Amino acid sequence: MPEGHVIHKLARELTDKFGGKQVRVSSPQGRFADATAILDGTVLEDADAVGKHLFINFEARQCVWIHLGLIGKFRFKPLSQIENYDTLRLLIADSKIGAELRGPQWCRLITPEEKLAVIAKSGPDPLRDDADPERAWKKVHNAKRTIAQLLMDQGVFAGVGNIYRAEVLFRHGVDPKLPANKLSREVFDSIWADLAALMRADVLTGQIDTVDPEHSPEEQHRDPRVDEHGGEVYVYRRAGQECLVCGEPIQLELFAGRNLYWCPKCQPQASGGEPRAKHGGAWHNCAPKA
DNA sequence: TTATGATGGAAAA
DNA sequence: TTTCCCTCATAAA
């Protein structure tokens, strides 16, 4: 379940549990065995994240670069509960706890210089204090592609994935298909600030929760599938269901190869080119449901 | 038992 | 733009 918040949470947990310690490192599946032979028994210094890239830094300038992709998982378990070794790409362990990596898009041993090159290629990450949103604004302001496409571009908004894209466009009443160069500076700024705030909260929980309390449905009307993506959302995977704000059915379309969800009434065509109307702190464009 | 889909991205076409 | 990769819970048969 990997958008940026999950990767940053993993980096913190790896640092907390193993930082500064000598660890056992293995690749029971064998596909990363060349690297784990080098790393086994060495000190794991710390871990950090940029966008969806996870870096685990070992002594002697050894860095493991992990990208979970769509289906990769990295979990902590008591050593005694670890099984299914045939798909276990990487296991980092002390005497009690194991961190197990399965199905990553990639997992490579790189040098600190190669790590810097990955970071340089990445766009600013709303989760990082050193992020420079101006870099993202310049790309947005000059792009002919839609804002929905730019939000998924890791060279523009690092760490944002399909859920945050759908949710932040909804929260700001922006038409997903608005050409990015038509997005106003004001709306860009509020989107960036909102991403930074939402993602920071979500790093702590590991879930994506985007629904403000005033729109949260009663317990008995909650979508039972929220556990699948962990958290309560306005539009993601809610195609055909009523918009939590206006009641209109949420739309779904395969757009540039990914599922795009939006509310046609809260995010009307061409919306986002003008600063949103500020009525009493509300961010949406739409009249509340009767 | 087999098929499907998913929070992603690179490579091929 | 399509194909492919890697995993696994869930759905369909």
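These numbers were taken from a predicted model, which means no experiment stands behind them. A, B, ... follow the sequence lines: proteins, then strands. Residue 1 opens every chain.
- Under the 3.5 Å distance criterion, with hydrogens and angles disregarded, a donor-acceptor pair is assigned to the side chains of A:Ser216 and A:Glu232.
- The distance from atom NZ of A:Lys73 to atom C1' of B:dG8 is 13 Å, rounded to the nearest whole Å.
- Closest contact between the side chain of A:Pro2 and the listed nucleotides B:dG9, B:dT7, C:dC8 involves B:dT7.
- When rounded to the nearest whole Å, the span between CD1 of A:Ile66 and P of B:dG9 equals 15 Å.
- Between C:dC8 and A:Arg102, a contact under 4.0 Å exists linking OP1 or OP2 to a side-chain N or O.
- For A:Lys52, the side-chain atoms get nearest to B:dG9 when compared with the rest of C:dC6, B:dG9, B:dA6.
- C:dC6 and B:dT1 have their P atoms separated by 24 Å, given to the nearest Å.
- Other residues, nucleotides and ligands contribute at most 12 non-hydrogen atoms within 6.0 Å of the NZ atom of A:Lys121.
- A salt bridge is absent between A:Arg165 and A:Glu167; no separation between the charged side-chain nitrogens and carboxylate oxygens falls under 4.0 Å.
- In this structure, A:Arg258 does not reach the B:dA6 phosphate: none of its side-chain N or O atoms is under 4.0 Å from OP1 or OP2.
- Between A:Asp94 and A:Lys17 there is no salt bridge, since no side-chain N of the basic residue sits under 4.0 Å from a carboxylate O of the acidic one.
- B:dG5 and C:dT3: their P atoms are spaced 15 Å apart (whole Å).
- Using a 4.0 Å cut-off, some side-chain N or O of A:His67 falls inside it from OP1 or OP2 of B:dG9.
- Residue A:Met152 contributes atom CE, which lies 8 Å from atom P of B:dT7 at whole-angstrom precision.
- Residue A:Arg165 is out of contact with every strand shown, counting any heavy-atom pair closer than 4.0 Å.
- Of the candidate nucleotides C:dC8, B:dA6, B:dG8, B:dA6 has the atom nearest to the side chain of A:Asn259.
- C:dA9 and B:dG9 are spaced 23 Å apart, taking the C1' atom of each and rounding to whole Å.
- Side chain of A:Ile71, nearest nucleotide from C:dC8, B:dT7, C:dC6: C:dC6.
- The CH2-P distance, from A:Trp106 to B:dG8, rounds to 12 Å in whole Å.
- Remark: A:Asn162 is not in phosphate contact with B:dG8, judged by side-chain N or O atoms under 4.0 Å from OP1 or OP2.
- Among the protein residues, A:Gln29 comes within range of the sugar-phosphate backbone only, with heavy atoms under 4.0 Å from sugar or phosphate atoms but none that close to a base.
- Whole-Å rounding puts the A:Asp153 CG to B:dG8 P distance at 13 Å.
- A:Leu90 has its CG atom 16 Å from the C1' atom of C:dT7, to the nearest Å.
- Between A:Asp189 and A:Arg185, at least one side-chain nitrogen of the basic residue sits less than 4.0 Å from a carboxylate oxygen of the acidic one, meeting the salt-bridge criterion.
- Per the geometry, CG belonging to A:Leu54 stands 16 Å off P belonging to B:dG8, to the nearest Å.
- At the phosphate of B:dT7, OP1 or OP2 sits under 4.0 Å from a side-chain N or O atom of A:Tyr236.
- With rounding to whole Å, A:Phe157 atom CZ is found 18 Å from B:dG8 atom C1'.
- The gap from the P atom of B:dT4 to that of C:dC4 amounts to 15 Å, rounded to the nearest Å.
- Counting non-hydrogen atoms under 4.0 angstrom, A:Gly161 reaches the backbone sugars and phosphates but no base.
- Using a 3.5 Å distance cut-off with no hydrogens or angles, the side chains of A:Tyr261 and A:Asn162 do not pair a donor with an acceptor.
- OP1 and OP2 of C:dC6 both lie 4.0 Å or more from every side-chain N or O belonging to A:Thr87.
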